[in-house]
Amino acid sequence: MNTGVRTPRLCTEAQAVAMIENGMTLAIGEPTPMALVRQVIRRELRDLTVIASGLALDLLIAGGCVRKTISYYAGGGFGVPVAPSFRRAAERGEIEVWECEEGILTSGLEAAGKGLPFLPWRGGVGTSLPEVNPDLKLMRDPINGETLLAVPAIKPDVALLHASVADVYGNVQHQGGPGWIDLFLQRAAARCIVQVEKIVPNEAIRAAPWATTIGRADAVVRLPWGAHPWYSRGWYVQDSAFLAAYLAVATAAAERDEPAGLAEFLHRYCHEPVTHADYLERVGLKRLLALHEY
Amino acid sequence: MNTGVRTPRLCTEAQAVAMIENGMTLAIGEPTPMALVRQVIRRELRDLTVIASGLALDLLIAGGCVRKTISYYAGGGFGVPVAPSFRRAAERGEIEVWECEEGILTSGLEAAGKGLPFLPWRGGVGTSLPEVNPDLKLMRDPINGETLLAVPAIKPDVALLHASVADVYGNVQHQGGPGWIDLFLQRAAARCIVQVEKIVPNEAIRAAPWATTIGRADAVVRLPWGAHPWYSRGWYVQDSAFLAAYLAVATAAAERDEPAGLAEFLHRYCHEPVTHADYLERVGLKRLLALHEY
Amino acid sequence: MPPSCSTAELLACFLARDLNDGEELQVGVALPIPEAAVRLAHLTHGPNMELIFLGARMNVHHLDHLPMPAFGWDARVVRWAESFSDRGHRFDQVRDWQRRVFFVGGLQVDPHGNTNLIGVGQDFRRLQFRGPGSVGTSTLTTHVGRYYIVLNSHTPRIFVPRCDFISTVGWGSGGADARTALGLPGGGPKYCITPLCILDFTPDEKRLRLVSLHPGVTLAQVQAQTGFELVIPAQVPTTAAPTPEDLQVLRTQVDVAGALRG
Amino acid sequence: MPPSCSTAELLACFLARDLNDGEELQVGVALPIPEAAVRLAHLTHGPNMELIFLGARMNVHHLDHLPMPAFGWDARVVRWAESFSDRGHRFDQVRDWQRRVFFVGGLQVDPHGNTNLIGVGQDFRRLQFRGPGSVGTSTLTTHVGRYYIVLNSHTPRIFVPRCDFISTVGWGSGGADARTALGLPGGGPKYCITPLCILDFTPDEKRLRLVSLHPGVTLAQVQAQTGFELVIPAQVPTTAAPTPEDLQVLRTQVDVAGALRG
């Protein structure tokens, strides 16, 4: 008697990233959904506002996609205190930096999730943050009169996340936990795309429903090794040599005005591969297999 | 070379409830930690402010422990729209009712957990709640000027919770999820006592750390069938006949001024049994075994 | 000739037909009619509906048989969960509730669909009848795409010109902009269903209006049992009987124990 | 005669001895000295310490060997977790951080221990050096019981009379009530450790004060490398060498790869 069928939410990286338009606010989780990030660069999306850190942030800036960053941490990785493309673009005023901090960011994201125009936060009181970011207003709380920051709601249009597994209906389970920011991004964003290492049967999800970290992603994309060169908890470790190679060319471009290496990197790994599988072939299977976590 | 030993946090119900003093604010989770609640009644604690619902709320009021309730839902159970002892005490002004609602309650608890004097909330705007509870202040948000409720921080002294399992170090894992309120209570309360069906090895906790719902309870008490007559997810269902028997005597006391049955119930099940094991013997092993969940 | 059915079955089938595929249906405890309705809708035309009971989110369209009694009272319902809507967060994603549908009862309802679960009486400190409290209804009705007011009886003590206390805002003091003026993003109450009739709200004033009378109920009876003047259209039909198909699914796959038939 | 050791080892052992059993020790990425310190303390005298790396909370006292390199850079650290401090909530239990200890670096430090991770320059829109940003340091230093400022170099460019921007408030504009006046509940910075010396804060003014000089470092050298006047006590001892026992545990059970020895 049951009529109709439940609609799967599985799609390709190209279909998923087609949701994103120039000028949108994009939120990038951690562990980093690098395959989706590369697809954003491949599509040559422009004027994005991004909530991101690390390689994803730097690569999106290097790829010319970013107008503004909601910025809480832009470390470059091993021994590189600041992400090079971010640093250059910020110092030259080529991107707008909405300066914040993790507790302020999570407050703004929570406000969005809760349908509130703001949430108060204490961390940041006494710092320069409300001075360099006038959207953060000092306020007196209406109960005790204490000084707090009023953080406006931060509303991403699309969140891009990486996880271990999902079923085809958008029930996502992280192994080893999601990164600290992922669930905040998902709750705040209008839409959520999750790339996963593996698709599992719905029955496997229902066997452990409390392990479901996201109940209904708008799109699920199967992208094994999709976090490469970054890590994927329970699956593989980061590819440190690959990251170092990126940092070398990005630093040369940013600090020594030698953009050729970075341009070649972007061409070789972001623009030229048509699909994620093409990218993986270019990286090489042996290299990928050597990154196995345990 | 490792020196010292890690201190277990395992104790008896009497040791755990010894943390609680007259006049404190007590927060009761769901599924309900009935064995701890009975211990509170047995100790004849007085003038408590309670965050509780259902049987726990009603029994604590019937037991004379309550001065004030932080009240969001006081349904009586099957076919009894309002918990009888609560209803009588509230109508006669014998207890103070701090009227709120689940979203308001969670906002106040979150404010406490976040070290904030208040959090704003939209649910309740336009209702009578700020009128019957003047602690809820209408405010204009400092960003957009919208009207919201400012909910003051709600800071329980002790949270009493029920869960499936824990290790001796206070790492707690719920099966089938904790009730909606439990983690809010734990994060807000100064101290947290968790009764569990079973103690498991630390290795079992570390095998699935993301399943840990509470990372370090202040005290863990092994109380099998400790939620009786209420349910324990994954372990046993509620004892409907027992609940109906309670509701009958509580209703007779509240609505017909016939307190004998309720007094006898309190004596038989709360005051006379010295330990939880005494209570279980009185209930009867066959009855308990018949409540097995699956 | 439509099959005979109880009023509860009539209402469950009416509600079920008003629910759309893809919606999230959240039902609290002690509301058997909405509970049956969402499960009926899920089986008949809602393969993408998500049901939320006790914080557990599920899609059980693939199950041929959804046993009563009441999920909402039975913690075992979590066995069908795919995820937990609460996860210790509960109301942290209300921005996403446009597709969510909810159901509320009430001790009192006023002409604009504001309802009261707090209590009856003039003095909050000495209520004549202390109600159960607001549960999560103030928050849910603020944000959900729409909700239904579901009442187990229809009397002048329930339908009052003014609630003694308001726990959920329907259309406030009236008018199509009543909710936006208060900053309430949700869509408000759509229908109010009772054992006598189905009511909705006029588009401009947002006053309670009679939609249909259940079989055997007269207009005069409804008016006598309502403590204020309802808007009465020129034509008031009889509430449409369930289709035989819906009634069969309801009785054989949802309410097998006959809880709604009594 | 104390064994010879590197400055990084000296500092790790100093920090370890300042940590108490029962505390929660949270270490961010790229801070190898605090990371080694908390693990050393955990093994030597902290069976009830809880270590927090990358949001994973663990007690690994029972392990005889805690491998370097750096937990903080390696996501595999979650294999030792008992729970996740984040669980999607992250900062929802800051009321409970009196026992928590944290460590911060900085591009600049002023005489009251305010620090800067934002950037160097007069104009925020055209910084001379764009820093990495505040990470979670503003929030953590607001609430934790105490924290340590850990610097990898000691120069007048770092120790400045006034930070260009402040990302974490130490003792504000000075005075023992500086933090309470701002409503910051945490205990503030206790020590500032550098490759040259250990500094703390005077009790009343909360100005940076020299505690000890590392072996071979002179007072004049520290003064020349600091862009403002430090409080100098009459007697300035040499930073105490690690005990042979601590150094042995550090080298054989914590920093087996010798990352701090180089």
Side-chain angles (χ1 to χ4, degrees), chain B residues 31 53 71-79 81-83 86-93 96-97 99-107 121-129 131-133 146-148 175-184 186-187 213 230-234 237-238 293-294, chain C residues 28-30 54-56 70 73-76 78-79 81 83-92 94 105 107 114 116-119 121 123-143 163-169 172-173 178-179 181-185:
Chain B
S53 65
S71 192
Y72 57 99
Y73 178 55
F78 305 87
V82 187
F86 164 80
R87 185 180 153 197
R88 177 187 170 109
E91 289 175 358
R92 294 178 171 221
E96 184 187 340
V97 178
E99 190 82 17
C100 65
E101 185 264 358
E102 289 174 2
I104 295 170
L105 176 63
T106 54
S107 296
W121 193 242
R122 198 186 296 278
V125 170
T127 71
S128 307
L129 290 167
E131 184 187 303
V132 300
N133 182 346
E146 298 177 27
T147 299
L148 302 169
Q175 289 177 4
W180 68 271
I181 199 174
D182 291 49
L183 302 188
F184 285 96
Q186 183 265 323
R187 292 190 294 262
T213 41
W230 209 233
Y231 64 91
S232 177
R233 293 184 183 183
V237 298
Q238 60 209 5
E293 182 176 308
Y294 290 99
Chain C
V29 296
L54 289 178
W73 283 113
D74 194 327
R76 282 174 291 184
V78 302
R79 73 167 75 169
S83 66
F84 287 85
S85 72
D86 291 347
R87 281 201 72 79
H89 293 276
R90 189 145 179 88
F91 296 138
D92 269 9
V94 301
L107 306 170
N114 305 301
N116 172 14
L117 284 168
I118 295 171
D123 177 2
F124 175 70
R125 312 231 161 258
R126 289 289 185 283
L127 293 168
Q128 289 156 40
F129 179 81
R130 168 66 232 193
S134 305
V135 208
T137 61
S138 312
T139 293
L140 277 146
T141 57
T142 292
H143 292 282
C163 292
D164 292 338
F165 303 96
I166 292 174
S167 52
T168 72
V169 179
S173 41
R179 292 181 61 91
L182 286 167
L184 309 180

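Interface remark: C:Phe124 contributes side-chain atoms only to the contact with chain B (heavy atom separation under 4.5 Å). The contact between B:Val237 and chain C is made entirely by side chain atoms (from C-beta outward), counting heavy-atom distances below 4.5 Å. Neither the backbone nor the side chain of C:Ser173 comes within contact range of chain B, judged by heavy atoms closer than 4.5 Å. Of the two parts of C:Leu117, neither the backbone nor the side chain holds a non-hydrogen atom closer than 4.5 Å to a non-hydrogen atom of chain B. In this structure, chain C has heavy atoms under 4.5 Å from both the backbone and the side chain of B:Arg87.
The greatest number of non-hydrogen atom pairs below 4.5 Å with chain C, out of B:Arg233, B:Gln186, B:Glu99, is found for B:Glu99. When B:Thr106, B:Val97, B:Thr147 are compared by the number of non-hydrogen pairs under 4.5 Å with chain C, B:Val97 comes out ahead.
A cation-pi contact links B:Arg187 to B:Phe184, judged by a cut-off of 6.0 Å to the six-membered ring centre and 45° from its axis.
Ring centroids of B:Trp180 and B:Tyr73 are separated by 6.0 Å or more, keeping the two rings apart.
For B:Glu146, the salt bridge (charged side-chain N to carboxylate O under 4.0 Å, His left out) criterion is met by B:Arg122, not counting sequence neighbours. For the salt bridge (charged side-chain N to carboxylate O under 4.0 Å, His left out) test, residues two or more places apart in sequence or in another chain that qualify with B:Arg88 are B:Asp257.
The residues B:Glu91 and C:Arg126 are annotated as not salt-bridged, no charged nitrogen and carboxylate oxygen being separated by less than 4.0 angstrom.
Of all heavy-atom pairs spanning B:Glu101 and C:Ser134, the tightest one is CG-CB, 3.6 Å.
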